Structure formats: structure tokens, C-alpha cells
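One structure is given below, encoded as C-alpha cells.
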There are 2 protein chains.
Amino acid sequence: MTRATTSIKTYNQDCSDCPIRHRAVCARCESDELERLEQIKYYRSFEAGQTVVWAGDSMDFVASVVTGIATLSQTMEDGRRQMVGLLLPSDFIGRPGRATSAYDVTAATDTVMCCFRKKPFEDMMLKTPHIGQRLLEMTLDELDAAREWMLLLGRKTAREKIASLLTIIARRDASLQLSAADGELSFDLPLTREAMSEYLGLTLETVSRQMSTLRKEGLIVTEGKRHITIPDFDRLLEETGDDSDGGFLV
Amino acid sequence: MTRATTSIKTYNQDCSDCPIRHRAVCARCESDELERLEQIKYYRSFEAGQTVVWAGDSMDFVASVVTGIATLSQTMEDGRRQMVGLLLPSDFIGRPGRATSAYDVTAATDTVMCCFRKKPFEDMMLKTPHIGQRLLEMTLDELDAAREWMLLLGRKTAREKIASLLTIIARRDASLQLSAADGELSFDLPLTREAMSEYLGLTLETVSRQMSTLRKEGLIVTEGKRHITIPDFDRLLEETGDDSDGGFLV
DNA sequence: AGAAATCCTTGATGTAGATCAATCCTGATG
DNA sequence: CATCAGGATTGATCTACATCAAGGATTTCT
């Protein structure tokens, strides 16, 4: 399938000499509208676990993640929670034209965001079609990711869910650091067991048990609670239930 | 929450004197680029159950549903299927800039689509920012819907899932026909039990059983297998697990 | 009208994952 | 160094939903 490949290309893109330093808003790193953007941006930092906005709260900015990881979640009245977005560096937050947040936004790790006040940002969008196009592209990517996620939530077993999540994180992480593969892959899990369970629609106990099983079977190796190495990525991929072609770093 | 309201506004919009006859592409029904669109469009019809494209097949057009209902689904190698999109009249199909379909597209009922060959359509998009903006708006709506759907798949019980699906269809249907409420609501279910199960991440047996339970409890009334009336919409809403405010037809 | 598809319902039984409940790390704090 | 707190693990048990299996109701074809 092409989707896996797509998300990799997306995160691979290096934007280091763009003044905003990430591709969320600037598609090509060349136009000089960027300077105008530069003028209306500001940074905010959040600690791991901190809430950025609650669902329903007013939100007068849009933002993009610079470093760290943020999540979007929905909560039911009785407290059941489902994560609906996992935002990595360069991902975009907020919907132009909407005044309040539809989701709880939480910093999963220490996080820095690059914010733009909504009004000036929307003005810019009108003037520079570039940005709207970029946003459309990113939104379509997110929609594809959401649909893959729906398959996971609706049809995969607990084991497949865990394997899928690990490969998703490993892939994104690998492409960010460009520290790709020689079969083996290693990274820090940015999510607690609880956050994983909210991503996967499971309980944290089930997550823990399945992680243990994968460890016992040698599909993953753990150092401490958070550092994971995947000795054989393809073998783990087989456990995800996804089409095998997958195309890692193609 | 605002989302429910959003989707209603979306489907309420009457576009009857627009040459394309639906809001998927024309935002305002006023510009004369519409005439150009008019020139590159063509219609296709599908019978209930017919497949429009398979995942992975090349797809040289984008389209929008004129009448009927289409679905997007993903299939795993072993045959497990999850619906990931439910397309009603005026909804858009296909991703500009992608040559193949990422999903199985199926006609759930007899369906007519208004198609545009991809290349000319993309050319038009470049020339008329209008269309890109409209598409961004629609994609953001779809993303919100997908996220609501993720909550359903990940955290709701079978009963809540069924109640949610019924209210979703009732709402969209009501807003299309503008045949709103006096407490009671009535419509034809456009989905088989199997399609419902694919939407909800359940088996068709569980869907059937839960429908029976809701019927016995008087929350729904059925005539034949497909026609449903909801005597008290608010009472059904309470079974969805969603926030109660909801705002039906606000 | 009879046969044959479809689609739907209902029952009996099995099981993956939830729930309830201890216990264990590991790094922080006084 | 002892204590403590926030994760994480592991066990015992329960249950919602899946699975397997057998009819029933409608529509379509011959």
C-alpha cells in the first residue's frame, strides 16, 4: 500500500534552512511570505503531561509541533478516553475557521510549539494560496492516517494493535533521525502504557501484557521501561496484520 | 459539542440552482468557473452492491455523490473489513494528486456520481483557489467525522455503537429531506446488517441482536427490514454515550 | 407456484480482553 | 538512606462480543 510510504516521505523532508524550521506551513522554503509568517509567530513550551487546551475551550491560535509529541483525545462523560491524533514534530494543530478546540490537546513529552495567532494566520492564508494548498495536503495525509487507525481500532487484535503502534512510532522516529535500518531499530517510547492504551482502544493492563508477550518472544527488547529496540523490523511487521509489502523507507 | 452541529449545517445547504447540483465542488453557486467545471463533468451510475473501484486500482477521476450512498472500506489479507468512509449526496471521492484508490469504494444503494477526470480537475484547482478552499473545508469536516468515528470504534459498547449509527443516519437524512422533527423521525436504512457491522467494527449477528433489543425496548420501530422510525429521538440520543447537548438541527 | 438467492434473526457456546486487586520497579525527595 | 509516588507488571476472575449453527422472511428467477 502507498500510505505507509507516504507518511515516511512526509516526515523525511528536511526544512532546516526554512525560517520556521519545519514544513507544517511552508511548503517549499523559498517564498518570501515566510518572512511575514516569521513576524507573527511565537513559541510556547509544555511539560510532559501538561494540557495545552481542553475540548471546548477557546483557542485563538494555530500551531505546529517543533519538538516533542502532543496528542489529541476525546473524552466521554463517564471518563472513557480515546486518542484521535498523535502529533509529531512538524504536525499542525488547530482548525482555521474554528474558534474552540474540538479535542483535548496534551503534551505527551516535553514539547515546544510554534504558534500563530489565528486571525493573522487566516489573513495570510487568504493572501498566499501556497499555505492553503499545503494545509490541504497535510489534512489529506491526516485523514488517511485516521482511516488506517480506524481499521486498527475496529478490527485488529490486541497483539496486532501493539505491533502496529510500535512500527508506526519506529518508522516516524527513524525517518526523523534519519538513523535508518540495518535490520535493527531502536528508540524511546514517547508514550506511557496508559497513553498507549488510549491510542489503541485497550486497557493499560492489556497493553502491558501484550508488551510482555512480545518481549518474551524476542520480537522486541526493552531497556528500562521506555527504551525499545526492534531486532528484526520485518518480523514485527508480520504481527501487525497489515499488507506485507509496506515499503519501509522506500 | 460543535461537531454534530457542523455536519448538519453542511448537509443542509441547498444548492439546487448550481449547475453541478451539489456543494462538493462549488462553494457559493455564483462564480462562472462553474461553467468550466460543467464542461468537464460526466455522470456514472452504479447499482446497489456494485464496486466502484478496488483499493490499489488506478483511478483517473474524482467524483462527488449525486444520489445514493457509497462507502469506503479497507480489507485485511484474511478478509476482515472495516468501513472508513460513508459518503452521502454531495460528498467528495478521490484524492487530488493520487493516482490510485487507497480504499474499496462500493455503492451501498443505487448511486449516481458526478465525475471529473483528474487531470482537468487538478488544472482547475490551480486556477481557482475557491475549489481548493472548499476542498480543505470538506476534508477538515471529514477528519472530524473520522475522529468521532474513532471514539465509537475504540470505546463504545455495541449498543452505543448502534444507537450512534442510527442517529447519524437519521440526522443526515433529516437534513437532506428537510423533513425534520416533531419528536418522531422516520427513514430507510441504506445499509444491510453486514454493512452496519463493517461500519461499527462488530459482527452482523451482534448488530442484529442489538437492533432487536432496541426494538423490544421501544427505542426504535421497524417496518419490514429496512424502514425505521425513531419515536423519541432524544431518548435514543441518550443511548449513544455522546454528550447530551448535541444540538439537533440547531 | 416452486426453487433459489439474499438477508435477517435467534440460540448455544467459546474466548479475548476487561475488571479487580496485589505487588514491583525506579527515580525523586526529605 | 529510607520513604514515597507514579508508572509498570502480573494474577484471578468476569463478561461482552465473537463464533458456530440452524432456521425464517422476502424477493427474484424459472
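Atom set for the values below is all heavy atoms of this structure, side chains included, hydrogens, waters and symmetry mates excluded. Because the structure is a prediction, the values reported are computed rather than measured. Numbered from 1 within each chain, the chains take letters A, B, ... in sequence-line order.
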Between N or O atoms, less than 3.5 Å apart, protein on one side and nucleotides 13-17 of chain D on the other: list the pairs.
| from | atom 1 | to | atom 2 | distance (Å) |
| --- | --- | --- | --- | --- |
| dC17(D) | OP1 | Ala158(B) | N | 2.9 |

Heavy-atom distance under 4.5 Å between the side chains of Ser45(B) and Val112(B), does that happen here? yes

Which residue, Arg81(A), Arg80(A), Lys161(A), forms the salt bridge (Lys or Arg N to Asp or Glu O under 4.0 Å) with Glu198(A)? Arg81(A)

So Asp242(B) and Thr167(B), do their side chains get closer than 4.5 Å, heavy atoms only? no

For Leu236(A) against Ile230(A), the heavy-atom pair lying closest together: CD2-CD1, 3.6 Å

Contact boundaries of DNA chain C with chain B (under 4.0 Å, heavy atoms), 5' to 3'? dC8(C) to dA12(C)

Can you run down the ring pair (Phe, Tyr, Trp, His ring centres under 6.0 Å) pairs that involve residues 62-83 of chain B, sequence neighbours left out, and say none if there aren't any? none

Sequence neighbours excluded, every pair satisfying salt bridge (charged side-chain N to carboxylate O under 4.0 Å, His left out) that has a member inside residues 211-232 of chain B: Arg159(B)-Glu217(B)

Do Asp110(B) and Glu47(B) have side-chain heavy atoms sitting under 4.5 Å apart? yes

Is a donor from one side chain sitting under 3.5 angstrom from an acceptor on the other, for Arg193(B) and Ser208(B)? no

Could you work out how much the helix from dA1(C)-dT30(D) to dG30(C)-dC1(D) bends, comparing the axis of its first five pairs with that of its last five, to 10°? 30°

Could you tell me how far apart Arg80(B) (CZ) and dA18(D) (P) are, to the nearest whole angstrom? 13 Å

What I'd like to find out is whether the side chain of Ile162(B) reaches to under 4.5 Å of the side chain of Leu166(B), using heavy atoms alone. yes

I need the Asp57(B) CG to Asp104(B) CG distance, nearest 0.5 Å. 8.5 Å

I'd like to know whether Gln210(B) forms a side chain to side chain contact (heavy atoms under 4.5 Å, CB included) with Thr157(B), so could you lay out the CA-CA distance, the side-chain angles of the two residues, the decisive distance to 0.1 Å, and finally the verdict. CA-CA 11 Å; Gln210(B) 295 292 342; Thr157(B) 64; over 6 Å; no

Does Arg147(B) pair with Glu142(A) as a salt bridge, N-O distance under 4.0 Å? yes

Could you list all N or O pairs between the protein and nucleotides 5-9 of chain D that sit under 3.5 Å apart?
| from | atom 1 | to | atom 2 | distance (Å) |
| --- | --- | --- | --- | --- |
| dA8(D) | OP1 | Arg226(A) | NE | 3.2 |
| dA8(D) | OP2 | Arg193(A) | N | 2.7 |
| dT9(D) | OP1 | Arg193(A) | NH2 | 3.3 |
| dT9(D) | OP2 | Arg193(A) | NE | 2.6 |
| dT9(D) | OP2 | Arg193(A) | NH2 | 3.3 |
| dT9(D) | OP2 | Ser208(A) | OG | 2.9 |
| dT9(D) | O5' | Ser208(A) | OG | 3.2 |

